[in-house]
Amino acid sequence: ELKVEQNPLFLSMQEGKNYTIYCNYSTTSDRLYWYRQDPGKSLESLFVLLSNGAVKQEGRLMASLDTKARLSTLHITAAVHDLSATYFCAVEDWNSGGSNYKLTFGKGTLLTVNP
Amino acid sequence: EAGVAQSPRYKIIEKRQSVAFWCNPISGHATLYWYQQILGQGPKLLIQFQNNGVVDDSQLPKDRFSAERLKGVDSTLKIQPAKLEDSAVYLCASSLVPGYRGPGNIQYFGAGTRLSVL
């Protein structure tokens, strides 16, 4: 069974600082997704990483994927309050019937950016 | 383009009662997913449909949960009877191309139904 672990689970940081969220997974997969969830809202797709070495950037967020290490990182540069949310990584794998793909999510990282 | 629609947004019931949730996916999306998200955790897949067929229901508690996808479009998820531990947000998601490993099979999520079982 695929396991997806994120750390840290809680992150409180000051505006202007940099930090990295880590996502480790237990089986071979070369496709990983990052989602953002605001309180009481649904999940919004941020990045799709489709191969080893993939790097995607949007504004102050940059995501990367190392399939050999089974590790993805989400790096935050010069954080601002608007980035406060919960961030989930999700790894794509075959479903139990072997007929389709499914996502297994990590527990999420609750990010709070303080002024 | 319209997103994934879910209703109701909130539901409060007593244990042993029944409840149903409805989902309308994005037009043209062949794959539909129901997830359970317990407070403080990531979404957990309950069931996955491709068109109107089930492709994965391995994590669906089939003694109390059931789901169907009518004509390969709308879907309903039912819980009967509900237990206290079923309190969670139930998310519906859809994706465009089932199992296609091209540019990424992004899942688009609805706003969810928050269920409280008392």
Side-chain angles (χ1 to χ4, degrees), chain A residues 1-10 21 23-25 28-51 54 56 63 65 67 72 85-110, chain B residues 3-7 9-10 21 23 25-26 29-51 53-60 62 88-114:
Chain A
E1 181 186 339
L2 173 59
K3 303 285 187 192
V4 180
E5 291 190 359
Q6 284 184 240
N7 70 83
L9 297 182
F10 301 94
I21 299 170
C23 175
N24 290 89
Y25 53 97
T28 56
S29 173
D30 57 1
R31 291 161 73 92
L32 189 142
Y33 301 74
W34 283 96
Y35 284 85
R36 168 181 172 146
Q37 187 176 38
D38 291 291
K41 300 292 178 70
S42 192
L43 284 83
E44 173 192 353
S45 176
L46 289 175
F47 299 110
V48 180
L49 303 170
L50 300 179
S51 61
K56 294 282 184 71
L65 178 61
T67 59
S72 180
T86 299
Y87 293 85
F88 292 95
C89 64
V91 179
E92 192 170 84
D93 196 5
W94 282 106
N95 65 20
S96 64
S99 62
N100 210 324
Y101 292 92
K102 69 173 184 178
L103 294 183
T104 300
F105 284 80
K107 288 188 173 181
T109 296
L110 175 58
Chain B
V4 177
Q6 288 189 248
S7 67
R9 287 298 313 276
Y10 305 93
F21 314 126
C23 173
I26 293 173
H29 279 196
T31 310
L32 184 147
Y33 313 80
W34 283 102
Y35 288 88
Q36 180 192 58
Q37 186 177 22
I38 293 172
L39 186 64
Q41 300 198 12
K44 182 183 96 171
L45 180 68
L46 292 175
I47 189 167
Q48 178 179 350
F49 292 94
Q50 182 172 318
N51 298 309
V54 175
V55 295
D56 188 348
D57 63 357
S58 58
Q59 298 192 92
L60 186 75
K62 298 181 187 66
V89 175
Y90 291 84
L91 294 165
C92 179
S94 68
S95 63
L96 182 60
V97 183
Y100 176 53
R101 305 204 87 227
N105 198 9
I106 297 172
Q107 294 183 22
Y108 297 87
F109 284 80
T113 297
R114 184 176 298 275

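Only heavy atoms go into these numbers, but all of them, side chains included; no hydrogens, no water, no symmetry mates. Residue numbering restarts at 1 for every chain, and letters A, B, ... go by the order of the sequence lines.
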Counting heavy-atom pairs under 4.5 angstrom with chain A, the leader among B/Gly40, B/Gly112, B/Gly110 is B/Gly110
Would you say B/Ser95 and B/Tyr33 are linked by a side-chain donor-acceptor pair, where the criterion is simply a distance under 3.5 Å? yes
Is the A/Phe105 ring parallel, tilted or perpendicular to the B/Tyr35 ring (thresholds 30°, 60°)? perpendicular
Considering only heavy atoms, which portion of A/Leu103 lies under 4.5 Å from any heavy atom of chain B: side chain, backbone, both, or neither? both
Mutual orientation of the aromatic rings belonging to A/Tyr35 and B/Phe109 [parallel < 30°, tilted 30-60°, perpendicular > 60°]: perpendicular
Part of A/Gln6 lying under 4.5 Å from any heavy atom of chain B: neither
Looking only at heavy atoms, which two atoms of A/Leu49 and A/Lys56 are closest? And how far apart? CD2-CG, 3.7 Å
Pick from B/Gln6, B/Lys44, B/Arg114, B/Gln37: which one has the most heavy-atom pairs with chain A under 4.5 Å? B/Gln37
